[in-house]
Amino acid sequence: MPHEAYAFPRLTRADYPLMRGWLAQPHVRAWWGDPEDEIALIDEEIDANGTGGPTDMRLVALGGVPFAYVQDYPAQHWPLPHYAGFPPGTRAVDTFLGDPAFLGRGHAARYLRQRCTDLLAAGARAVVIDPSPDNERAVRAYRRAGFAPRGIAPCEDGDPVLVMEFDPASSSW
């Protein structure tokens, strides 16, 4: 059975109410920060994006209905020690599935696979992600999308993250 094609419209300030609602959901807030702090960080980046900021921030939509958020950026842009061994041109991805009605249905793995494949086709040398090793739901979804663990390493704040690299030849689909 063919999988759905997801759309990735750019995030705008008009989307902030939707993002605030998603960030306040317990399944998101457990792994992301305070919704207002996260919106402030996004707002800084949207301003920077007008002048070539590094982060590409997108909603994820299915059938015109947004239900998740995904962003990617150059893995070496900020001092992220866990990405130091990856080649220049590597894109790092962060994501969350915001609408709880879409949880547990395989959407995260499918939209991530589509987005990461697009990033590689656009010239990314590699695509990486860094979930908390304790975030079992995310780690399972990332494995299904085609991410393979590369090891646990401390991130910039010293907390451990599971460094995973996307392999387009690998997925459980």
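- Comment: R115 engages D72 in a salt bridge, judged by a side-chain N to carboxylate O separation of less than 4.0 angstrom.
- In this structure, Y73 has its ring center under 6.0 Å from that of W78.
- No donor-acceptor distance shorter than 3.5 angstrom exists from the side chain of R150 to the backbone of L162, with no hydrogens or angles considered.
- Hydrophobic clustering places L120 together with F8 (ILVMFWY residues linked when any side-chain heavy atoms are closer than 4.5 Å, directly or through intermediates).
- Between I46 and Y16, some side-chain heavy-atom pair lies under the 4.5 Å cut-off.
- Between V161 and P133 the shortest heavy-atom distance is CA-CD, 3.9 Å.
- Note on ring orientation: taking the six-membered ring where Trp is involved, the planes of F67 and F102 are parallel (angle under 30°, cut-offs 30° and 60°).
- Between E156 and H82, some side-chain heavy-atom pair lies under the 4.5 Å cut-off.
- The two atoms that bring A101 and R105 nearest to each other are O-NH1, 3.2 Å, heavy atoms only.
- Residues P131 and V139 share a closest heavy-atom pair of CG-CG2, 3.9 Å.
- Y83 and F147 end up in different hydrophobic clusters when Ile, Leu, Val, Met, Phe, Trp and Tyr side chains are linked at under 4.5 Å.
- P154 and P81 make their closest contact through O-CG, 3.7 Å (heavy atoms, listed as atom of the first residue, atom of the second, distance).
- For the pair H107 (side chain) and A68 (backbone), a donor-acceptor distance under 3.5 Å is absent.
- Contact between D99 and W22 at its shortest, heavy atoms only, is N-NE1, 3.7 Å.
- Looking at D56 and R91, no side-chain N of the basic residue comes within less than 4.0 Å of a carboxylate O on the acidic one, giving no salt bridge.
- Here the side chain of Q25 pairs no donor or acceptor atom with the backbone of P100 at under 3.5 angstrom.
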(request) Could you please spell out the steps behind the side-chain contact (heavy atoms from CB on, under 4.5 Å) verdict for H27 and L103? (result) CA-CA 10 Å; H27 70 276; L103 288 172; 3.8 Å; yes
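- Counting heavy atoms from C-beta on, the side chains of R143 and P149 come closer than 4.5 Å.
- No side-chain donor-acceptor contact under 3.5 Å links E165 to the backbone of V128.
- No chain of hydrophobic side-chain contacts below 4.5 Å, direct or via other Ile, Leu, Val, Met, Phe, Trp or Tyr residues, connects F166 to V163.
- With hydrogens and angles ignored, the 3.5 Å screen pairs no side-chain donor or acceptor of T90 with any backbone N or O of F86.
- Across all their heavy atoms, D15 and R10 have their closest contact at OD2-O, 3.9 Å.
- Under the 4.5 Å side-chain criterion, counting only non-hydrogen atoms from C-beta, L23 is not in contact with R29.
- Residues I129 and L80 fall into different hydrophobic clusters, defined by Ile, Leu, Val, Met, Phe, Trp and Tyr side chains chained together at heavy-atom separations under 4.5 Å.
- Within the model, atoms CD1 of I152 and CG of D159 stand 12.5 Å from one another, a figure rounded to the nearest 0.5 Å.
- Put simply, the side chain of R110 does not reach to within 4.5 Å of the side chain of Q114, judged on heavy atoms.
- Between V93 and V127, some side-chain heavy-atom pair lies under the 4.5 Å cut-off.
- E45 contributes a side-chain N or O that, together with a main-chain N or O of T55, makes up a donor-acceptor pair within less than 3.5 Å.
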(message) For F96 and W32: C-alpha separation, side-chain torsions, deciding distance, then whether ring-ring contact (aromatic ring centres under 6.0 Å, His included) applies.
(response) CA-CA 9 Å; F96 63 79; W32 287 65; 4.9 Å; yes
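- For R125 (side chain) and G89 (main-chain N/O), no donor-acceptor pair under 3.5 Å exists by modelled atom type.
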(request) List the steps, then state whether side-chain contact (heavy atoms from CB on, under 4.5 Å) holds for V60 with L112. (result) CA-CA 10 Å; V60 182; L112 271 175; over 6 Å; no
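- Ion pairing between a basic and an acidic side chain is recognised when a charged N comes within 4.0 Å of a carboxylate O; E36 and R20 show such pairing.
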